[in-house]
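Take a look at the structure below.
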Amino acid sequence: MEKYNPHAIEPKWQRFWKEKGFMKAKEVPGRKGKQYVLVMFPYPSGDLHMGHLKNYTMGDVLARFRRVQGYEVLHPMGWDAFGLPAENAALKFGLHPRDWTYENIRQAKESLELMGILYDWDREVTTCEPDYYRWNQWIFLKMWEKGLAYRAKGLVNWCPKCQTVLANEQVVEGRCWRHEDTPVEKRELVQWYLRITAYAERLLEDLEGLDWPEKVKAMQRAWIGRSEGAEIEFPVEGLNEAITVFTTRPDTLFGATFMVLAPEHPLTLRLTSPERRAEVEAYVEAAKRKTEIERQAEGREKTGVFLGAYAINPATGEKIPIWTADYVLFGYGTGAIMGVPGHDQRDFEFAQKFGLPIRKVIERPGEPLPEPLEAAYEEPGIMVNSGPFDGTPSEEGKRKVVAWLEERGLGRAKVTYRLRDWLISRQRYWGTPIPMVHCEACGVVPVPEEELPVLLPDLKDIEDIRPKGKSPLEAHPEFYEITCPKCGGPARRDTDTMDTFFDSSWYYLRYTDPRNETLPFDPKKADFWMPVDQYIGGVEHAVLHLLYSRFFTKFLHDLGMVKVEEPFQGLFTQGMVLAWTDFGPVEVEGDRVRLPEPTRIRLEIQERELSLEEVRKMGAELRPHEDGTLHFWKPAVMSKSKGNGVMVGPFVKEEGADIARITILFAAPPENEMVWTEEGVQGAWRFLNRIWRRVAEDKETLLSVSGKFQAEALEGPDRELYRKLHATLKKVTEDLEALRFNTAIAALMELLNALYDYRKVRPVTPVYRTAIRYYLQMLFPFAPHIAEELWHWFWPDSLFEAGWPELDENALERGVVEVAVQVNGRVRGTIQIPKDAPLEVALAEALKVKNVQAHLEGKAIVREIYVPGKILNLVVRG
RNA sequence: GCGAGGAUGGCGGAACCGGUAGACGCGCCGGACUUAGGAUCCGGUGGGGUAACCCGUGCGGGUUCAAGUCCCGCUCCUCGCACCA
């Protein structure tokens, strides 16, 4: 008997599939329509490990499944090739970013092919190619035309490590998303923005219809941060000027006893009285210098200074002091608030600290609030001390106060969003040049469409690429010195490049028509494929890439380029791949585990000492090292820096692609983390080897037996095998539709066990031959090489052409079923009865069971609950 | 603090609409066969008990003939957000 040898078969079938072009996508619907299966494209990094491959394996399984099911499938791949990784590598290795990028692409492609992952490579997209990025520039110009791209001066986030500005979405807890240890600085700069806020409402509303994880939708909702309230004008005393505030509680207007401006607010310094100037200026300066981190570190203790100016509460006519304080954020609402200490805890703390009056204007129903108030009362209630509104329920009061303000021209209903416009300028080399020209005479002028692309100059000297705090292109007059497209006078190109998230915001549309030279894509082709039916990727893009892409799709929809308004109908966020990792030596004394400094630092924990129990609870182990000491081992995310990645090339050469695929898919549900282990690999090997042996042992007889039989005529083990076969088919089909790969494989393992059991009692029969046939069809998406190999022993053509077996619902019916018999809700035995046997039959059978008899003895049955095919519960008394 | 999700054997994890908890795999225990292979095959494996039986899905209540599943109240864990007016 031939032995299972992955190396002997895998390259063969990989070549075969490639030659046949099974995954080439055409704009012609299949029998069941189309499916667009997409995995987030990677930035090109060199040698790939299994952590990188989980995504693509899942996508490949789904794409193959949809293909054999009868869909026309688009399963493309490309490279998010612009951006910092390439630049940083260039600076580190002295390579040109382009060379580094293309070498990595070559290596990554090789790894993907080794794993048997198939794409329509004719549609490969590489974002650093002019063919691609010229359409970035085209889209940018369209946005400019529509007023959605604009240049503005503002306080921006600057990463000193990246030497560039960042978008709000790229700042995590005040730090650069790429440099967790680097607080971002604030700088006042003129930059390019995209008006994503114009789409805030649609971005929020349309989340509703998406088949996305609730977690991701919640994150987007929170990021957009819709808030309903009112804008209210507070006239400044003695000046023809008003401060506009945003509030969600107009019902508390009568309780506004002071105002607070953000330190950055333009009115802050203007309103300051001469005698207060020094103090206020010092406060504003200090606030500007502080990073978000420093502000956080100082806790929530309120600080602020009085401007020496007053405003008029439009409701009460009272004179109220104006302060500045850094608890009011310039970036939200209007950057100014009315202080209502009675009903906002932050204002309460501020008022208490600075001795400002606290007034109750909402009364708690039922139990009146203590006076003076001990804390702000933020719940709804009844308006008091509010003139004409006294007695009004606060919710109703919100509307009434707004109406009252609107009549007098003092305010209006207003919806505010937390979402900010997207800052897309970057002061880096490796990106898309912004297609704009600055002319002394004409101002900002767009590059005419027909002159696109604005090519990124090929800087040969690595030193020219190095970030310098301004765009490297600013040192290259041959790039920026041009004539104005409008007046022909001397002008200067914009030297900034685009955020790489611009590139990835529409690449899925380019896949639908990747070689188009007149448009980013043909709307007809995009409409054929869009939306992406299943998008697979990491949750780290929940608000970055996924929000930007939704914005782009809506914009392109409005432009008439594509019918859909949402790009990704289904989203799946996969869990990471971990591996057992050596974190270094420890010293054990009794129950105490001491962590030497290097070990502690690698683990990123505070404690210098742990108990054995704590080590266990962390999911960690102490393992003997070769030098006789004990080392601290724990599963950790595979990464180059930890050196714990199982590399694709060596693994496939040693073990095989199908084994890798099964290991990844079976170890855990795909949304969970999985730990890659040697035992898991062993299990995958055993499973595939058992399949191989089952088929190989029967090879000769399978070749001589026909697969024809009458399903209705089957009996005994034949009938049972037939039932199990179709039950498995149903399960595997449903699980694949829902991306439950682990349970689908478990079902295939069960069926395999059933095939072994069957052959112990029966020869090779037509129903068995059919079971083998279906088995290989079902195995194909998961372990395609072994499936294709075994298939070809008996059938010509490819499993790609064999389709997906058809379910026989009748096969699922069991004639006789096992029913559990309970007495007072506890299982006391089981009976074998016809599926739809009446209660009398079930009861008669149940009474024959000894153990049931024992539990009925001396007692009276007061009730029988019978669910045919499931359970018989006898309720007894006595 | 707010939001989302979770807690089931030694481990990863199953369990449709409330109906035999622990599928499948790993690990472990015992055995067979040894053409020593990455072996393979057979049996066992939630806990306690000689057994009958009892207990068991984070904790405490409840609904129900019947609860991992539904309801109420907690604890803990993971993730996200967090002075957002």
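First the proteins, then the strands, lettered A, B, ... as listed; each starts at 1. Computation of the quantities below employed the complete heavy-atom set of this structure, encompassing side-chain atoms and omitting hydrogens, waters and symmetry-equivalent molecules.
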Starting at [atom1] of [X] and ending at [atom2] of [N], how long is that distance when rounded to a whole Å?
X	N	atom1	atom2	answer
K653(A)	G38(B)	NZ	C1'	20 Å
N168(A)	C81(B)	CG	P	13 Å
L843(A)	C65(B)	CG	P	19 Å
F687(A)	U40(B)	CZ	P	15 Å
F234(A)	A85(B)	CZ	P	16 Å
E857(A)	A52(B)	CD	P	17 Å
K217(A)	G3(B)	NZ	P	18 Å
K730(A)	A23(B)	NZ	P	21 Å

What nucleic acid atoms does [X] come within less than 4.0 Å of, heavy atoms only: base, sugar-phosphate, or nothing?
X	result
E349(A)	nothing
P213(A)	nothing
R226(A)	nothing
N851(A)	sugar-phosphate
K302(A)	base
H855(A)	sugar-phosphate
R828(A)	sugar-phosphate
R686(A)	sugar-phosphate
K870(A)	base
N753(A)	sugar-phosphate
A667(A)	sugar-phosphate
V328(A)	base

Answer yes or no for [X] and [Y]: cation-pi contact, defined as NZ/CZ to six-membered ring centre under 6.0 Å and angle to ring axis within 45°.
X	Y	answer
K302(A)	F350(A)	no
R694(A)	Y756(A)	yes
R623(A)	W580(A)	yes

So which nucleotide does [N] pair with, by the Watson-Crick or G-U wobble rule with both distances under 3.5 Å?
N	answer
C76(B)	G6(B)
U35(B)	none
G43(B)	C29(B)
G1(B)	C81(B)
A67(B)	none
U50(B)	none

Original post:
Nearest nucleotide by nearest heavy atom, which residue falls closer to the 5' end of RNA chain B, A218(A) or A684(A)?
Top reply: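 First, find each residue's nearest nucleotide; the 5'-ward one identifies A218(A).
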Original post:
How do E671(A) and T830(A) order along RNA chain B: which one's closest nucleotide is nearer the 5' end?
Top reply: E671(A)
Looking only at atom [atom1], what distance separates [N] and [M], rounded to whole Å?
N	M	atom1	value
G9(B)	G48(B)	C1'	15 Å
C26(B)	U75(B)	C1'	31 Å
G18(B)	C2(B)	C1'	33 Å
G47(B)	C29(B)	P	15 Å
C53(B)	C59(B)	P	26 Å
G1(B)	C70(B)	P	26 Å

Side-chain donor-acceptor pair present, [X], [Y], cut-off under 3.5 Å:
X	Y	value
Y758(A)	N753(A)	no
Y548(A)	E169(A)	yes
T303(A)	Y327(A)	no

May I ask you to evaluate whether [X] reaches the phosphate of [N], defined as a side-chain N or O under 4.0 Å from OP1 or OP2?
X	N	answer
R690(A)	A39(B)	no
K760(A)	C42(B)	yes
S227(A)	A85(B)	yes
R418(A)	A82(B)	yes
R826(A)	C65(B)	no
N672(A)	G13(B)	yes
R740(A)	A15(B)	no

Among the nucleotides [options], which one has an atom lying closest to any side-chain atom of [X]?
X	options	answer
V867(A)	C83(B), A23(B), G19(B)	G19(B)
K215(A)	C79(B), A85(B), G19(B)	C79(B)
D326(A)	C83(B), G5(B), A85(B)	C83(B)
W685(A)	U20(B), G13(B), G38(B)	G38(B)

Original post:
Looking at G25(B), does its base get a donor-acceptor pair with the side chain of E679(A) below 3.5 Å?
Top reply: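 No, the side chain and the base share no sub-3.5 Å donor-acceptor pair.
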Original post:
Between the base of U20(B) and the side chain of Q822(A), is there any donor-acceptor pair under 3.5 Å?
Top reply: no
Original post:
Taking the six-membered ring for Trp, is the centroid-to-centroid distance between F666(A) and F741(A) below 6.0 Å?
Top reply: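 Here the rings of F741(A) and F666(A) have centres that are no less than 6.0 Å from each other.
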Original post:
Are F572(A) and W212(A) an aromatic pair by the rule of ring centers under 6.0 Å?
Top reply: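 Aromatic pair excluded; centres sit 6.0 Å or further apart.
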**OP:** Syn or anti for C17(B), please, going by whether the chi angle lies within 90° of 0.
**Re:** syn
Original post:
Does G43(B) fall in syn (glycosidic angle within 90° of 0) or anti?
Top reply: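 Anti conformation for G43(B).
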**OP:** Can you measure from CH2 (W422(A)) to CG (L544(A)) and round to the nearest 0.5 angstrom?
**Re:** 9.5 Å
Original post:
Between W323(A) and F354(A), is a ring pair (Phe, Tyr, Trp, His ring centres under 6.0 Å) present by the stated rule, with each step listed?
Top reply: CA-CA 10 Å; W323(A) 288 63; F354(A) 296 106; 4.7 Å; yes
Original post:
Is F666(A) stacked on the base of G25(B), meaning ring centres closer than 5.5 Å and planes within 30 degrees of each other?
Top reply: no
